[in-house]
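Remarks on the structure that follows.
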Amino acid sequence: MGQAQHKRAVLVVEDDADLRHLMAALFEDEQMDTIECESAEAALATLLIGGRKVAMIFADVRLRASWTALIWRAR
C-alpha cells in the first residue's frame, strides 16, 4: 500500500476575514490545501513552526513592509 500524499499548502495572509476566506475557497476549488492567517505575525509563526510544507504565499500587499519582508525571509 502506498503512503498518503501530503500536498503542499498555499499560505493565505489577509486581515480582511471575508476576503481571506474567499481566496482560500478559490484555492481549495483548485484542489489546493490552504492555511489561513489574519496577520503577518501569524504567518511568520506558521512558517517558523513548520509542520506543513508551504508551496506558495498569497499575501495582502498592504501588510507592514517589515513584516512582509520577514515572511519572505522565513520562507
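Note that the structure is a prediction, hence the values are computed from the model and not measured.
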Give the C-alpha distance, both sets of side-chain angles, the deciding distance and a yes or no for side chain to side chain contact (heavy atoms under 4.5 Å, CB included) between Glu38 and Asp15. CA-CA 5 Å; Glu38 67 181 27; Asp15 55 352; 5.5 Å; no

Hey, is CZ on Phe58 packed in by over 12 heavy atoms from elsewhere, all under 6.0 Å? no

Between Arg20 and Val12, is there a side-chain heavy-atom distance shorter than 4.5 Å? yes

Identify the two heavy atoms, one from Cys37 and one from Thr46, that lie closest to each other, and give their separation to 0.1 Å. SG-OG1, 3.5 Å

For the student: nearest non-hydrogen atoms of Leu11 and Ala43, plus distance: CD2-CB, 4.0 Å

Side-chain contact test, heavy atoms from C-beta onward, threshold under 4.5 Å: evaluate it for Leu47 versus Val54 and give yes or no. yes

I need the Lys53 NZ to Ile35 CD1 distance, nearest 0.5 Å. 12.5 Å

Atom pair CG/CE of Asp18 and Met23 - distance to nearest 0.5 Å: 13.0 Å

Nearest 0.5 Å, please: how far is CG in Asp33 from CD in Glu28? 8.0 Å

Value for OG (Ser39) from CD (Glu14), rounded to nearest 0.5 Å, stands at 11.5 Å

Nearest 0.5 angstrom please: Leu19 CG to Asp60 CG, how far? 7.5 Å

Nearest 0.5 Å, please: how far is NE2 in His21 from CD in Glu36? 5.5 Å

